[in-house]
Amino acid sequence: MTSLAFPNFKTHFSALFEQAALAIAPPGVSVRIELTRTKQADHGDYSCNLAMQLAKPLHKNPREVANLLIAALPASPYLEKTEVAGPGFINLFLKNSAKQQYLHYVSQSGEAYGCSGLGQGKKIQLEFVSANPTGPLHVGHGRGAAFGASLADVLAAAGFDVSREYYVNDAGRQMDILTLSTWLRYLEICGVHIPFPQNAYQGEYVKAMAQLIHQAHDRRYLHQPESLLDGLPDDARAMPVASDELLDKLIANAKATLGEDYAYIHNFVLTEQLGDCRNDLMEFGVEFDVWFSEQSLHDNGLIARAVEMLDKKHYLYQQDGAMWFRSTDFGDEKDRVVRRENGQYTYFASDIAYHLNKFERGFDYLIDIFGADHHGYIARVKGAIDALDYDSDNLDVALVQFAVLYRDGKKAPMSTRSGEFVTLRELREEVGKDAARFFYVMRKSDQHLDFDLDLAKSQSNENPVYYIQYAHARVCSVLAQWDGEVEALLSADTSWLSNPAELALLQKLIDYPDTIEAAAKEYAPHLIAFYLRELAGEFHSYYNSTRFLVPEIPIQSARLALIASVKQVLSNGLKLLGVNAPDKM
RNA sequence: GUGCCCGUAGCUCAAUCGGAUAGAGCACCAGCCUUCUAAGCUGGGGGUUACAGGUUCGAUUCCUGUCGGGCACGCCA
């Protein structure tokens, strides 16, 4: 094995087929070497469809081409035999000795096994979650968090230099509504009762923040209701306010009434919510390298600068008192406003400045993880990037569908404003971090997720995460009873591993780096989840068919070396998903 | 109405940029614990890949249409 810098059989055979193709293909014909793992054992270990690709340009039937390719294929020390099968597949059978020797590579690599240099150290900025800091994270955010964190780790394992970033929407109207909501609750505590608007934040956490302010500052922010209700229609004084205009009027009045104190409350609720969010995510195993403030874009003049840059390139125009970006020039359905009639920049303007800033920080690639309801937003962002002379192909947007929660067979409500929702924290407390993280990434991110709370809560054997963790714990248990030094297994004679379960397990271990590469290329951590399920399955099967702690020491060592590597790969994979690998269960 | 996504076993989902006999789990049925953890294993039934056409050696995958579901169509974020 030492003859290969990185002993990846797929890469190795691809290179051989490349040479074979060069030998027989007509000049000018380019082909893609595709090597796939076979589904059936009698098709060998790897399969190549190159002959079928070359059949047409060569004007020969595929099976004939396959034989030519095999004849032109350079010798490989790992290859037992080749076969032409079906319409013209070339099936490759690995030598058992190649699989057996490969195990040494796995055990020597340890925690690093599965990592590759695919990304060549390119810098990727991954933005995810980025929820408004206006209340607790709910289960929808949880999916974005789990997906983003796993994807970041997968990309890092694949050799990218990943920066995880949370964009804090601390500049918008929603923050004002939260500030108002908190102050109104504070006034209630002080004995001033003003009808609480229906479209303000209803959650208990708002009352809790009001309580904190009251404890720290007593009645310092107390004002009588007259100035707050100034300019509101009479019925709004008695009835809960429901319209956006009335809410905005209330916010304006609150700012006028509180003066500089408004900023204090605004800052207090922001700090409080952000701290809660950060803590929540940390307990979920999700951490960020950068928390980027939207407000800082305003404060540093970066939005004005970005808009000015667009203007200089003549991509902006005035209409109806507002300033518009010609996003239709870049394939968007309609042009978009960047500065409103009232002179304020839109959220889109902030986002243009933000993405410009990302590129200026020197990232090679950007990835945004959005909720699927934002898909209409992609065209305008990419348009703005292109307008600013960066390449929008270097931005990928991964859409994550919302998780729909089911409780007692019914959909659970998920409106933040109504205060009726299941928080991420509640979910973690109910089903545990491991199950939650695993469930979230078990399926493709762009598919709807039906999250059955009762099922997830049941903590029964129905939960697939236990199946994988159990395999890990079983290996630990065997190794503990063996009571030897795992280091000693590095020199085990692995040629004893020759029964079908052992060879299947070895092949499964060989597949792991390819799985990570695929997961990285396709932004698909769910592939890891499926892989781990299969690896655990192969192990449980082996466990039931074969005894490890046998008296014959060479055989025992070989089997223990195998299961120790299984344990290592289970642990490595679970780590990428943010799931714990317990020694005991 | 227009655009995007989706439709696969009873349920929840896979299927490696078009590959071989479409696979798992759950549920159901029948077996396996004096031996390393039964949260496990072994075997079994279960499909016109929504429907109808098209493209080619080959289609769950690509194209067109129909039906059904979701989302988006703000000077909100």
Side-chain angles (χ1 to χ4, degrees), chain A residues 10 32 34-40 42-43 47 49 52 55-56 61-62 85-89 91 130-132 134 169 171-175 244 294 319-324 333-334 336-348 350-351 371-379 399 401-402 404 442-444 446-452 455 459-471 473-482 511 514-515 517-519 521-522 524 526-527 529-530 533-534 536-537 539-550 559-560 563 584-585:
Chain A
K10 241 175 148 171
R32 246 178 65 104
E34 279 180 77
L35 235 81
T36 54
R37 282 274 290 114
T38 53
K39 291 172 191 166
Q40 289 172 248
D42 58 321
H43 290 159
S47 177
N49 66 359
M52 287 178 286
K56 188 164 279 182
N61 84 58
F89 291 102
N91 292 334
S130 299
N132 282 341
T134 52
N169 300 128
R173 178 170 174 266
Q174 297 304 323
M175 277 307 301
D244 281 351
E294 180 190 2
Q319 187 179 304
D320 303 329
M323 186 179 282
W324 299 71
E333 292 173 0
K334 52 176 287 192
R336 309 290 175 174
V337 170
V338 291
R339 200 174 65 200
R340 295 195 275 263
E341 199 175 358
N342 64 12
Q344 293 194 322
Y345 291 112
T346 59
Y347 175 82
F348 178 44
S350 310
D351 229 14
D373 55 333
H374 283 61
H375 72 254
Y377 192 69
I378 300 170
L399 295 177
Q401 290 283 352
F402 283 124
V404 181
M442 248 177 66
R443 57 209 300 169
K444 270 200 299 207
D446 58 357
Q447 300 286 338
H448 281 102
L449 172 61
D450 290 342
F451 209 124
D452 187 335
L455 181 70
Q459 293 211 346
S460 68
N461 56 352
E462 293 164 4
N463 199 332
V465 70
Y466 293 144
Y467 183 86
I468 298 167
Q469 290 180 317
Y470 186 50
R474 267 185 154 176
V475 176
C476 290
S477 176
V478 174
L479 292 177
Q481 286 173 54
W482 168 58
D511 290 341
D514 295 332
T515 304
E517 286 204 3
K521 284 179 183 167
E522 297 169 40
H526 77 276
L527 294 175
F530 277 87
R533 186 70 175 69
E534 287 164 12
F539 169 75
H540 284 310
S541 190
Y542 182 43
Y543 183 95
N544 277 273
S545 71
T546 311
R547 196 170 165 74
F548 313 140
L549 297 174
V550 291
R559 290 178 179 170
L560 290 177
I563 66 168
K584 284 182 185 172
M585 287 178 74

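Order of the sequence lines sets the chain letters (A, B, ...), proteins ahead of strands, with each chain counted from 1.
Contact check, A:Tyr466 against B:A39: no side-chain N or O comes under 4.0 Å of OP1 or OP2. At the phosphate of B:A15, OP1 or OP2 sits under 4.0 Å from a side-chain N or O atom of A:His526. Under 4.0 angstrom from either OP1 or OP2 of B:C32 there lies no side-chain N or O belonging to A:Tyr543. In terms of phosphate contacts, A:Gln319 brings no side-chain nitrogen or oxygen within less than 4.0 Å of OP1 or OP2 of B:C75. Taking only side-chain nitrogens and oxygens, A:Lys444 never comes nearer than 4.0 Å to OP1 or OP2 of B:U16. Residue A:Arg336 places no side-chain N or O under 4.0 Å from the OP1 or OP2 atom of B:C73. Using a 4.0 Å cut-off, no side-chain N or O of A:Thr346 falls inside it from OP1 or OP2 of B:C76.
Both thresholds, 5.5 Å between centres and 30° between ring planes, are not jointly met by A:His374 relative to the base of B:A72, so the two rings are not stacked. An aromatic stacking contact between A:Phe530 and the base of B:A14 is absent, as defined here by ring centres under 5.5 Å apart and ring planes under 30° from parallel.
Among the heavy atoms of the strands lying under 4.0 Å from A:Ser47 is at least one base atom, whether or not backbone atoms are also near. Using a 4.0 Å heavy-atom criterion, one finds that A:Tyr377 contacts the bases of the nucleic acid, with or without backbone contacts as well. Residue contacts for A:Phe548: at a heavy-atom cut-off of 4.0 Å it reaches a base atom on one of the strands shown. Residue A:Asn49 is classed as a base contact, given a heavy-atom separation below 4.0 Å to a base. Residue contacts for A:Ala480: at a heavy-atom cut-off of 4.0 Å it reaches no nucleic acid atom on any strand shown. If you check every strand for non-hydrogen atoms under 4.0 Å, A:Ala518 touches nothing. Residue-level contact check: A:Ser477 touches the bases, meaning some heavy atom is under 4.0 Å from a base atom. Here A:Arg533 lies in heavy-atom contact (under 4.0 Å) with sugar-phosphate atoms only. Among the heavy atoms of the strands lying under 4.0 Å from A:Glu341 is at least one base atom, whether or not backbone atoms are also near. Among the atoms of the strands shown, none is found under 4.0 Å from any heavy atom of A:Ala55.
Every residue meeting the side chain to side chain contact (heavy atoms under 4.5 Å, CB included) condition with A:Ala171, not counting sequence neighbours, appears here in chain and number order: A:Glu294, A:Gln295, A:His298. A:Ala322 is linked by a side chain to side chain contact (heavy atoms under 4.5 Å, CB included) to A:Trp324, A:Val337, counting only residues two or more places apart in sequence or in another chain. A search for side chain to side chain contact (heavy atoms under 4.5 Å, CB included) contacts involving A:Ala471 returns A:Ala536, A:Phe539, A:His540, A:Leu570, not counting sequence neighbours.
Taking a pair as Watson-Crick or G-U wobble with both distances under 3.5 Å, RNA chain B forms stems of 3 or more consecutive pairs at B:1-7 with B:67-73, B:10-13 with B:23-26, B:28-32 with B:40-44, B:50-54 with B:62-66.
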Output one line per pair: protein atom, nucleotide atom from nucleotides 55-62 of chain B, and distance, for all N/O pairs under 3.5 Å.
from: B:C57; atom 1: OP1; to: A:Lys56; atom 2: NZ; distance (Å): 3.4

Within the sub-3.5 Å range, which N or O atoms of nucleotides 2-8 of chain B have a protein N or O partner, and how far apart are they?
from: B:G3; atom 1: N2; to: A:His375; atom 2: NE2; distance (Å): 2.8

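Here the side chain of A:Asp373 is nearest to one of B:A72, B:A77, B:U37, namely B:A72. Counting only heavy atoms from C-beta on, A:Arg474 has its side chain closest to B:G40 among B:A77, B:G70, B:G40.
Aromatic ring pairs are classed by plane angle as parallel below 30°, tilted from 30° to 60° and perpendicular above 60°; the pair A:Phe548 and A:Tyr543 is perpendicular. Between A:Tyr377 and A:Tyr347, the angle of the ring planes lies from 30° to 60°, which puts this pair in the tilted group.
Looking at every heavy atom in both residues, A:Gln174 comes nearest to A:Thr134 through O-CG2, 3.7 Å.
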